[in-house]
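A quick write-up on the structure given underneath.
None of these values were measured; they are calculated from a predicted model.
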Amino acid sequence: HEEQLVQKVLGVQVPARVLAHILASKFRRSPVPAVAEEPLTPAVLEALLRHVVQQKFEQRLPSGDIFDEFLLLLSGEQRSLMEISYTKQQQKQKQKQRNKSQD
């Protein structure tokens, strides 16, 4: 999964630039100085994307570097369990709850 995603996203110039722009903008606003000041080079972007894929499939252990901070920010966590996405079942459950609330 990891290699395929990296190639599909970063192997095409437009999606790579869009992703880099979105992440750089988000990271610049981070309250964590190390994240806000880290230059988002192509190498950092590729490594970050790989970390995200590993995290998504729960195959990533904390690395003790800037990528832990990036993932914390992307997942919306504040130094607790890092999880980037919910399972499809959890997403459906949340959507059902929202729909019930709106009714």
Can I get a per-line list of side-chain donor-acceptor pairs under 3.5 Å for residues 3-23, giving both atom names and the distance, sequence neighbours left out?
unit_1	atom_1	unit_2	atom_2	d
Glu3	OE1	Arg50	NH1	3.1
Glu3	OE1	Arg50	NH2	3.0

- Task: Return the set of residues passing side chain to side chain donor-acceptor pair (under 3.5 Å) with Ser25 (not counting sequence neighbours), or none when no residue passes.
- Result: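 Counting only residues at least two positions away or on another chain, Ser25 forms a side chain to side chain donor-acceptor pair (under 3.5 Å) with Arg29.
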
- Query: Can you name the residues that form a ring pair (Phe, Tyr, Trp, His ring centres under 6.0 Å) with Phe70, not counting sequence neighbours?
  - Reply: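 For Phe70 the ring pair (Phe, Tyr, Trp, His ring centres under 6.0 Å) partners, ignoring immediate neighbours, are Phe27, Phe67.
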
Would you mind writing out the side-chain donor-acceptor pairs for residues 30-43 within the sub-3.5 Å range, not counting sequence neighbours?
unit_1	atom_1	unit_2	atom_2	d
Ser30	OG	Val32	N	3.0
Thr41	OG1	Val44	N	3.1

- Spatial distance of atom CD1 (Ile66) from atom CG (Leu71) [nearest 0.5 Å]: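 Those atoms lie 10.5 Å apart.
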
